[in-house]
Amino acid sequence: MTKKVRRIWMYVACIVIAVGVVSAVWIYRSGFGIDASTSIYVDADDNVDSIRQKIDDECKPQSIGVFRFYAELMSLEEHLNTGRYEVTPDMTMLQLVRRIRSHHEQPVNLVVPSVRTLGDMARSLSSQLMIDSASIANYINDESNLQALGYTKETLPCLFIPNTYEVYWDISAEKLIGRLKKENDAFWNEGRVAKLKEVSEYAGEEMTKEKVVTLASIVDSETANNAEKPNIAALYMNRMRIGMLLQSCPTVIFALNDFTIRRVSREHTEVESPYNTYKYHGLPPGPIRVPSIAGIDAVLNHAKNKYIYMCAKEDFSGTHNFSETYAEHQRYAAKYAKMLNERNIH
């Protein structure tokens, strides 16, 4: 081989090596064309192909072929892990594949809402997580799980403290409920527990945490106005102390399981149910909704008043007129009934 031929082959080899190095560097640095962070959600039904499609749709990859290369190189199909994986503008495809393979997921902010029913709760939680609502419902309806948690079917709404919590998107039902139990224990700190004694004295009976939450659920169902809640809490405890029926319309609506009712009639109050406080003395056997923190704290930090009666204001502001006497209450009730009739609300 002549010097000239050898020189040519050396040039060719250098070019091949240079192209290989450039290609290797490009593959190593290959990333995404996004301007802000986004997320890829890998669920139990995903495979490499479906993940590739999600990356292609959501992350503007510089080359989706690079994902296929790394997925095959690192045997990703055999090491897929569910979860939420954050993709940042400065991330490379190699880093994303490594995250998925090593289950290096990012948590989500789970909003636990104040809702009417546990079915609503299960649907709301599942809409934010990988788990389906049936799995959540099945877990919390299992008698052995209820006993382990320290609740009954009636008091289970007490478990949920509406707030925002960091959890992993692919959390299981068991771990989710366990986490919410820990948050419940943290919520009932020394300060709140200490207030149970005074609340019990005011109500004239022992007020456990479950009873406080049950009363809070009634208070929350009566008004969305947080400023009124301590007065409403005191009003109901005034009734409890003197042995008066609570006569709360929201408890009747709950007993009937008809949340479309806008005006509770005498016929409605005849429903046979332990939740019907027009028939049975004291608090119902459990909350009629998952109350807000504001509702719970309104009971624990209740006002001290002499109110026995209340009636929604005729201006439909969502606030109430409070009364100490039945005669005064009747005047307010007549005004409100007149406005309901004028608006054809029956």
Side-chain angles (χ1 to χ4, degrees), residues 112-126 131 133-163 165 172-189 192-193 195-197 199-200 203-222 233 236-237 239-240 245-246 248 250-259 271-293 295-300:
V112 176
S114 173
V115 290
R116 284 194 175 114
T117 69
L118 291 180
D120 292 336
M121 178 64 74
R123 284 187 288 273
S124 176
L125 296 179
S126 69
I131 192 171
S133 60
S135 296
I136 297 173
N138 289 338
Y139 188 85
I140 61 178
N141 286 324
D142 185 276
E143 190 64 36
S144 61
N145 292 335
L146 288 176
Q147 290 179 0
L149 290 165
Y151 295 99
T152 64
K153 181 179 179 181
E154 291 76 19
T155 62
L156 183 58
C158 298
L159 167 69
F160 301 93
I161 304 296
N163 213 332
Y165 307 102
S172 66
E174 181 180 5
K175 288 184 177 180
L176 172 63
I177 299 304
R179 170 63 186 282
L180 294 180
K181 179 63 168 65
K182 288 182 180 179
E183 295 295 344
N184 182 286
D185 293 340
F187 173 81
W188 284 102
N189 55 32
R192 286 191 172 94
V193 171
K195 291 177 180 178
L196 293 176
K197 181 179 179 181
V199 174
S200 298
E205 65 177 72
E206 181 184 5
M207 291 292 286
T208 61
K209 290 183 289 186
E210 289 75 22
K211 284 187 176 182
V212 166
V213 175
T214 298
L215 179 52
S217 73
I218 294 175
V219 171
D220 267 2
S221 298
E222 293 284 8
Y236 277 116
M237 285 192 283
R239 291 182 180 183
M240 292 168 65
L245 287 166
L246 297 188
S248 167
T251 66
V252 173
I253 293 172
F254 180 85
L256 290 165
N257 194 31
D258 184 357
F259 300 107
V271 61
E272 180 53 46
S273 168
Y275 287 89
N276 182 359
T277 56
Y278 277 82
K279 273 193 170 186
Y280 295 95
H281 279 85
L283 291 165
I288 59 172
R289 64 173 299 126
V290 174
S292 64
I293 290 177
I296 298 171
D297 282 343
V299 177
L300 294 174

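What you see is a predicted model, and the numbers here were worked out from it, not measured in a lab. Just so it is clear, the values below take in all heavy atoms, side chains as well, and ignore hydrogens, waters and symmetry mates.
Rounding to the nearest 0.5 angstrom, the gap separating the NZ atom in Lys195 from the CD1 atom in Ile296 is 12.5 Å. Within the model, atoms CD of Glu154 and OH of Tyr275 stand 5.0 Å from one another, a figure rounded to the nearest 0.5 Å. Between Leu245 atom CG and Tyr278 atom OH the span is 10.0 Å, to the nearest 0.5 Å. Distance check: Leu146 CG to Asn141 CG gives 7.0 Å after rounding to the nearest 0.5 Å. Rounded to the nearest 0.5 angstrom, Met240 CE and Leu246 CG are separated by 6.5 Å. Note: Leu118 CG to Ser124 OG = 12.0 Å, rounded to the nearest 0.5 Å.
Smallest separation of non-hydrogen atoms from Val299 and Met237: O-CE, 4.0 Å.
Here the side chain of Asn276 pairs no donor or acceptor atom with the backbone of Val252 at under 3.5 angstrom. In this structure a side-chain-to-backbone donor-acceptor pair under 3.5 Å is missing from Ser135 to Ile131. In terms of modelled atom types and a separation under 3.5 Å, the side chain of Arg289 and the main chain of Ser114 share a donor-acceptor contact. A donor-acceptor pair is defined here as one N or O able to donate and one able to accept, closer than 3.5 Å; such a pair exists between the side chain of Arg192 and the backbone of Phe187. Asp220 places no side-chain N or O within 3.5 Å of a backbone atom of Pro291 that could act as its donor or acceptor partner. For the pair Asn184 (side chain) and Cys158 (backbone), a donor-acceptor distance under 3.5 Å is present.
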Arg123/Asp120 under salt bridge (charged side-chain N to carboxylate O under 4.0 Å, His left out): CA gap, chis, key distance, verdict: CA-CA 5 Å; Arg123 284 187 288 273; Asp120 292 336; 2.7 Å; yes
side-chain contact (heavy atoms from CB on, under 4.5 Å) between Asn145 and Ile177, intermediate numbers included: CA-CA 10 Å; Asn145 292 335; Ile177 299 304; over 6 Å; no
Steps toward side-chain contact (heavy atoms from CB on, under 4.5 Å) verdict (Thr117, Val290): CA-CA 7 Å; Thr117 69; Val290 174; over 6 Å; no
Full working for side-chain contact (heavy atoms from CB on, under 4.5 Å) between Ser200 and Glu205: CA-CA 5 Å; Ser200 298; Glu205 65 177 72; over 6 Å; no
Working for salt bridge (charged side-chain N to carboxylate O under 4.0 Å, His left out), residues Glu206 and Lys211: CA-CA 9 Å; Glu206 181 184 5; Lys211 284 187 176 182; over 6 Å; no
Pair Leu176-Tyr139, side-chain contact (heavy atoms from CB on, under 4.5 Å): steps then yes or no: CA-CA 10 Å; Leu176 172 63; Tyr139 188 85; over 6 Å; no
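The shortest side-chain heavy-atom distance between Leu283 and Ile218 falls under the 4.5 Å cut-off. For the pair Leu180 and Val112, the minimum side-chain heavy-atom distance is below 4.5 Å. Counting heavy atoms from C-beta on, the side chains of Phe160 and Val213 never come closer than 4.5 Å. Pro113 places none of its side-chain heavy atoms less than 4.5 Å from the side chain of Pro162. At a threshold of 4.5 Å between non-hydrogen side-chain atoms, the residues Leu300 and Val212 count as touching.
Between Lys153 and Glu143 there is no salt bridge, since none of the side-chain N atoms of the basic residue sits less than 4.0 Å from a carboxylate O of the acidic one.
Of the N and O atoms on the side chains of Glu272 and Tyr280, at least one donor lies less than 3.5 Å from an acceptor on the other residue. The closest side-chain donor-acceptor pair between Ser217 and Thr214, if any, does not fall under 3.5 angstrom. Checked by atom type, the side-chain pair Thr251/Thr277 shows a donor-acceptor distance below 3.5 Å. A donor-acceptor pair shorter than 3.5 Å cannot be found between the side chains of Tyr151 and Glu210.
At least one cation-pi condition fails for Arg116 and Phe254: the charged atom is not both under 6.0 angstrom from the six-membered ring centre and inside a 45 degree cone around its axis.
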